[in-house]
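Keep in mind the model is a prediction, meaning the values are calculated, not measured.
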Amino acid sequence: MKEKKKITEHELIFGICFLLGAILITIFAKGKTPENTLLNQSLSLAFLEKGWNKKALFLQCLYSRGMIMLLLFFLVYTPLRKIVFRIVTAWLGISFGILFKLFFVWYGIAGIGLLLVSVIPHFLFYWMAYGLMYCETEKRQLFRIKKPIGFFLSAGVVIMGIFIESYVNPFLLIAYLKIFFG
């Protein structure tokens, strides 16, 4: 007989913050319609096909995502690591709740797919790096990785996520937009 899976603290924090983000955006954005949505200006098909500078995007993501992961990596080796992981999980939940609600309101059911296509491929790699850091610093480790190896393994996973975000996501977005909105 299968055991029931218990909800972990991080799943609970993420779920509550996801709902909180969706509620907050509903309250604060009530009646406000953005003028520059995905389909009418900022990421129109013409921009995606002609103006997407993948190298510049890669360098920008390398800097921004890399700095965040570097800061996170160093913070998790302090006594504040449990608080840091809770804050990051809450931030991810709120952010995803806000994005989910906005994409659904702006584009309907197709917007949920658009959100998933634009976020999930590279986010899986970032989440794996976050998980590696968490497993490495948790006292009940499933496997033991030495700190330098864990750092380079996490950095490699982040760089793979940045590569996916810069070079694969544009193609997925173009295809999705052509199929559902083109």
Side-chain angles (χ1 to χ4, degrees), residues 2-43 60-61 64-76 78-140 142 154 157-158 160-162 164-165 168-170 172-173 175-177 179-181:
K2 283 188 173 180
E3 280 187 42
K4 272 187 150 181
K5 183 184 176 234
K6 293 182 180 180
I7 296 175
T8 65
E9 176 187 7
H10 291 282
E11 291 169 339
L12 185 63
I13 290 171
F14 184 85
I16 290 170
C17 289
F18 176 86
L19 291 174
L20 181 65
I23 291 168
L24 286 174
I25 198 65
T26 303
I27 292 169
F28 291 115
K30 193 172 189 175
K32 296 177 184 171
T33 306
E35 294 179 23
N36 293 326
T37 62
L38 179 70
L39 299 178
N40 64 7
Q41 291 238 340
S42 62
L43 286 177
Q60 177 192 2
C61 289
S64 62
R65 310 297 189 260
M67 289 307 214
I68 290 170
M69 291 306 280
L70 196 60
L71 177 65
L72 180 61
F73 188 79
F74 288 118
L75 284 175
V76 298
T78 67
L80 301 172
R81 75 175 165 269
K82 289 188 184 253
I83 294 169
V84 169
F85 280 119
R86 289 179 185 129
I87 290 170
V88 170
T89 303
W91 173 70
L92 292 171
I94 288 172
S95 299
F96 200 69
I98 289 170
L99 287 174
F100 189 85
K101 175 73 179 203
L102 289 176
F103 273 73
F104 181 72
V105 167
W106 291 341
Y107 311 115
I109 296 294
I112 295 171
L114 184 62
L115 172 66
L116 295 177
V117 166
S118 63
V119 172
I120 295 298
H122 62 278
F123 192 76
L124 290 175
F125 287 93
Y126 300 149
W127 194 257
M128 284 191 298
Y130 178 74
L132 282 169
M133 287 183 218
Y134 182 77
C135 286
E136 187 177 340
T137 59
E138 189 64 22
K139 289 180 181 172
R140 303 169 308 194
L142 299 175
S154 297
V157 172
V158 168
M160 288 183 342
I162 291 169
I164 297 291
E165 185 175 2
V168 176
N169 275 21
L172 294 175
L173 282 171
Y176 190 85
L177 289 173
I179 291 169
F180 290 99
F181 299 102

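With sequence neighbours excluded, no residue satisfies ring-ring contact (aromatic ring centres under 6.0 Å, His included) with F125. The ring-ring contact (aromatic ring centres under 6.0 Å, His included) search around F100 returns F18, not counting sequence neighbours.
Within the 4.5 Å cutoff, the side chain of E9 has no heavy atoms near those of the L12 side chain. Proximity of P121 to V168: side-chain heavy atoms (C-beta onward) are nowhere separated by under 4.5 Å. Side-chain atoms of V117 and N169, non-hydrogen and from C-beta on, never get closer than 4.5 Å to each other. Side chains of M133 and M69 form a contact here, defined as non-hydrogen atoms less than 4.5 Å apart.
Interatomic distance, E165 CD to S118 OG, rounded to the nearest 0.5 Å: 9.5 Å. With rounding to the nearest 0.5 angstrom, the CG atom of L132 is 8.0 Å from the CE atom of M128. Expressed to the nearest 0.5 Å, how far CD1 of I23 lies from SG of C17 amounts to 11.0 Å. The CG atom of L75 lies 11.0 Å from the CD1 atom of I83; values are rounded to the nearest 0.5 Å. A distance of 14.0 Å separates CE in M67 from CG in L72, rounded to the nearest 0.5 Å. Here the straight-line distance linking atom OG1 of T26 with atom CD1 of I98 works out to 10.0 Å at 0.5 Å rounding.
Here the options are F14, F85, F123, the test is ring-ring contact (aromatic ring centres under 6.0 Å, His included), and the partner is Y130; only F85 passes.
Across every non-hydrogen atom of F96 and V119, the tightest pair is CE1-CG1, 4.4 Å. Nearest approach of I109 to F104, heavy atoms of both residues: CD1-CE1, 3.7 Å.
No side-chain donor-acceptor contact under 3.5 Å links S95 to the backbone of L92. With Y176 contributing its side chain and L116 its backbone, the two residues share no donor-acceptor pair below 3.5 Å.
Between Y126 and H122, the gap from one ring centroid to the other is short of 6.0 Å.
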List the steps and the verdict of side-chain contact (heavy atoms from CB on, under 4.5 Å) for L124 and I164. CA-CA 10 Å; L124 290 175; I164 297 291; over 6 Å; no
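Crowding of W91 atom CH2: a count of heavy atoms from other residues, nucleotides or ligands under 6.0 Å not exceeding 12.
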